[in-house]
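Beneath this line is the structure, given in structure tokens, with notes to follow.
FYI, side chains are in, hydrogens and waters are out, and symmetry mates aren't considered; it's all heavy atoms of this structure.
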Amino acid sequence: MNGREAVEYIHSTSWLGSRPGLERISELCSLMGNPQDRLRVIHVAGTNGKGSFCSMLSSVLTACGYKTGLFTSPYVVSFNERISIDGKDIPDDKLGEVTEAVGKYAESMKDHPTEFELLTAVAFDYFAREECDFVVMEAGLGGRLDSTNVISKPIMSVITGVALDHTEYLGDTMEKIAREKAGIIKSGVPVVFGEGDCSARRVIREKADNLGSPLTEADYSLISDEESSLAGSSFKFGGAAEAYKISLVGKYQIKNAALVLSAVGVLRKIGVKIPESSLRVGLAAARWRARFELLSKNPDVIYDGAHNPQGIDAAVRNIKHFFGETRPIILTGVMADKDHEAMTRALAPHVRLVHTVKPDNPRAMDASALAAEFEKAGVRAVSHGNMIEAVRAALNDAERESCPLIALGTLYMYADFVRAFGEVHVNNHV
């Protein structure tokens, strides 16, 4: 099985569907000899910030000389991004080899695993085969019933934050969602928590206390001397005399980096050697696409994967910080199962014109319906039938108005946007 065949196999109809529960992944891993039990895993859940946090922490561990596996979702350009070691995506031949081996066990099961469960098992097997020193594992959905939660004894659990998202699966209150996220907390294993309202914090604290798991809550008041531009950010944390630097753009990335520093403090307490010099190199070297990513200048073209109300609020704060009173052109597409009305209301006062598209995903919202929502919110909006058409119109408007173009709403349209922008931008400047 080669890389292309492996991806087709993982995507095949045999594995389709989202069915919460750990029974199938537990059976599959058991048939495989439980490769996850041979790994030193840092398990990460949370509503927002998981990907950036995982990217920065894995970069820090790699900078320390540790062979570090990273499992994330979704991918933004290449499927292989989801499984990487030391910043290098799983090679096609390895993806084919491991998928073929895992697939034999999966096909022997009476109740076949889902696509995400199969992929999780492939990641476990690959990291175990490659004898990783550490694995940073991002939960897919929720935590308690997510397939990554087959990990019985991680070395640390991290919950980046709790906000309302995926309410149809996780519950419609902060308490319910926090309980799902808290499901990754294991007895006696240290926990690091980022942010959430009082009710979410109470749930996390109670779960940690009940399991005797030492809890560290990030203290963002320790952040000082913040400087943030479209080239990256710097900040001081705690008693550090020298500022930490990160390449990830956006004021919220400073908080994500501060959470990494809190996690590093816990790792040091449990005996993981992380020199300060390596910590700084790793933070500065971390890259994570589609998070207020500057793709081009003159005009500024930015992609942000904001896909829920909390993410949109963060994007609005960035727009105000970086562009002041200059309102940008927006190109957006969203999933129909998101709280798109709240997202529209939050964006509308801060933009001058919106171009809408329907992302290439079965869950995507119709472009004309989304445009109508923006019109109702008081901002002019134009729907488009394809990405090329939308990008051409949005870029022309941004150039004419001398204002930024920001694409956001979902990570699922990143690859299409980048391809279309590259084509349109070249043609516009021939």
Side-chain angles (χ1 to χ4, degrees), residues 48 51-52 55 72-82 89 230 248-250 253 287-308 311-312 314-316 318-319 322-323 327-336 338 340 343-344 347 350-371 373-374 379 381-401 403-429:
N48 290 304
S52 298
S55 173
T72 59
S73 59
Y75 67 91
V76 293
V77 175
S78 165
F79 182 89
N80 301 47
E81 294 169 26
R82 302 182 73 168
D89 300 343
L230 291 176
L248 304 186
V249 177
Q253 294 294 9
R287 300 289 184 272
W288 197 237
R289 285 185 284 202
R291 275 71 175 183
F292 221 80
E293 178 187 359
L294 180 65
L295 299 174
S296 182
K297 293 188 69 64
N298 300 317
D300 291 332
V301 177
I302 291 166
Y303 196 100
D304 189 62
H307 59 273
N308 54 36
I312 293 295
V316 167
N318 279 332
I319 289 170
F322 292 120
F323 305 116
R327 292 185 298 162
I329 302 291
I330 295 292
L331 188 153
T332 184
V334 301
M335 299 297 105
K338 295 293 183 180
H340 42 80
M343 294 160 64
T344 299
L347 266 178
H350 308 286
V351 304
R352 67 178 65 200
L353 173 64
V354 177
H355 294 269
T356 65
V357 293
K358 182 179 181 180
D360 185 16
N361 187 288
R363 291 165 42 218
M365 182 178 181
D366 180 73
S368 59
L370 182 58
E373 280 193 5
F374 275 102
V379 60
V382 182
S383 63
H384 299 275
N386 58 69
M387 185 64 77
I388 283 282
E389 175 188 310
V391 169
R392 182 178 294 113
L395 186 59
N396 286 342
D397 285 341
E399 290 176 341
R400 183 181 65 253
E401 299 287 337
C403 69
L405 166 59
I406 301 177
L408 49 74
T410 177
L411 291 169
Y412 290 111
M413 69 178 193
Y414 176 86
D416 286 343
F417 176 84
V418 170
R419 281 193 293 268
F421 173 71
E423 181 178 330
V424 171
H425 191 249
V426 168
N427 290 338
N428 281 6
H429 294 86

When you compare the side chain of [Y] with that of [X], does any pair of heavy atoms fall below 4.5 Å?
X: Lys338; Y: Arg363; value: yes
X: Phe322; Y: Asp300; value: no
X: Leu248; Y: Phe292; value: no
X: Val357; Y: Asn386; value: no
X: Met335; Y: Pro359; value: yes

Is there a donor-acceptor pair under 3.5 Å between the side chain of [X] and the backbone N or O of [Y]?
X: Ser55; Y: Arg287; result: yes
X: Thr410; Y: Val334; result: no
X: Glu423; Y: Ala420; result: no
X: Arg400; Y: Ala398; result: no

Return the set of residues passing salt bridge (Lys or Arg N to Asp or Glu O under 4.0 Å) with [X] (not counting sequence neighbours), or none when no residue passes.
X: Arg82; result: none
X: Asp89; result: none
X: Glu401; result: Arg352

If every non-hydrogen atom of [X] is compared with every non-hydrogen atom of [Y], which pair is closest and at what distance?
X: Ala393; Y: His355; result: CB-CE1, 3.7 Å
X: Tyr412; Y: Pro74; result: CE2-CB, 4.1 Å
X: Met343; Y: Ala306; result: CE-O, 4.5 Å

Problem - Residue from Val418, Leu331, Asn361 passing side-chain contact (heavy atoms from CB on, under 4.5 Å) with Met413 - result: Leu331
Problem - Positive for side-chain contact (heavy atoms from CB on, under 4.5 Å) with Ile302, one of Ile406, Asn318, Leu408, Leu295 - result: Ile406
In Å, rounded to the nearest 0.5 Å, how long is the span from [atom1] of [X] to [atom2] of [Y]?
X: Arg291; Y: Asn48; atom1: CZ; atom2: CG; value: 10.0 Å
X: Thr356; Y: Ile330; atom1: OG1; atom2: CD1; value: 12.5 Å
X: Lys358; Y: Leu370; atom1: NZ; atom2: CG; value: 12.0 Å
X: Asn396; Y: Glu399; atom1: CG; atom2: CD; value: 6.0 Å
X: Ser368; Y: Met365; atom1: OG; atom2: CE; value: 8.5 Å

Fill in the blank from the handout: Across all chains, not counting sequence neighbours, the side chain to side chain contact (heavy atoms under 4.5 Å, CB included) partners of Ala290 are Val76, Tyr303, Leu411, Tyr414
Practice task
Just jot down the side chain to side chain donor-acceptor pair (under 3.5 Å) partners of Thr344, sequence neighbours excluded, or say none.
Solution key: Glu373
Exercise for the section: For the pair Cys403 and Ile329, evaluate side-chain contact (heavy atoms from CB on, under 4.5 Å) and give the outcome as yes or no after the intermediate values. Expected result: CA-CA 7 Å; Cys403 69; Ile329 302 291; 3.5 Å; yes
Exercise for the section: Taking atom CG of Asp360 as the centre, report whether more than 12 heavy atoms of other residues, nucleotides or ligands fall under 6.0 Å from it. Expected result: no
Exercise for the section: Just say parallel, tilted or perpendicular for the rings of Phe421 and Phe417, cut-offs at 30° and 60°. Expected result: parallel
Handout entry: Listed once per pair and sorted, the salt bridge (Lys or Arg N to Asp or Glu O under 4.0 Å) pairs that draw on residues 404-414, sequence neighbours left out
Key = none
